[in-house]
Amino acid sequence: MLDSDWTTFGYERAMKGQIAQSESRLDKLLDDQNLKSSNYQAYLTGYKKGQNEYCSQNAYILGVTGGPYNGICDLIDWTFREDYNSGRFSTANGM
């Protein structure tokens, strides 16, 4: 895969709310290929961009709509999880 493909892959994972994969984990997913350092750096670049976009959305609405949240915003915005849970809780109680 090209670095641009890795950037897109990282971006898409983050936009789905998935946690970042380690270099060793991604290396295991490649069959008989080795993950190049530049590929992993491209993945992280895309992931960070997607993470920033994902974490800039309204966490309460994400919770209300049942969107996924796996903690990827905890270090960026400490209120994100709280707002997300408030949205999930309001839906569960019919508010």
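All heavy atoms count here, side chains included; hydrogens, waters and symmetry mates do not.
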With a 3.5 Å distance limit and no angle check, can you tell me whether [X] reaches the backbone of [Y] through a side-chain donor-acceptor pair?
X	Y	result
R81	C73	no
N52	K48	yes
T7	G46	no
Y43	E23	no

With a cut-off of 6.0 Å (strictly less than), are more than 12 heavy atoms of other residues, nucleotides or ligands near CD1 of I76?
-> yes
Which is it for Y54 and L62 under the side chain to side chain contact (heavy atoms under 4.5 Å, CB included) test, yes or no, and what are the steps along the way?
-> CA-CA 10 Å; Y54 181 90; L62 181 65; 3.3 Å; yes
Ignoring hydrogens, what is the shortest heavy-atom contact between [X] and [Y]? Give both atom names and the distance.
X	Y	value
L26	L35	CB-CD2, 3.8 Å
A14	Y47	CB-O, 3.3 Å
F80	Q57	CE1-O, 3.7 Å
D83	A59	CB-CB, 3.7 Å
Q18	I72	O-CG2, 3.4 Å

Can you find a heavy atom in the side chain of S90 that is under 4.5 Å from one in the side chain of Y60?
-> yes
Given side chains that start at C-beta, do those of Y69 and R88 come closer than 4.5 Å, heavy atoms only?
-> no
Give, for atom CG of D77 and atom CD of E82, the distance between the pair rounded to the nearest 0.5 Å.
-> 10.0 Å
Between OG1 on residue T45 and OH on residue Y11, distance to nearest 0.5 Å | 14.0 Å
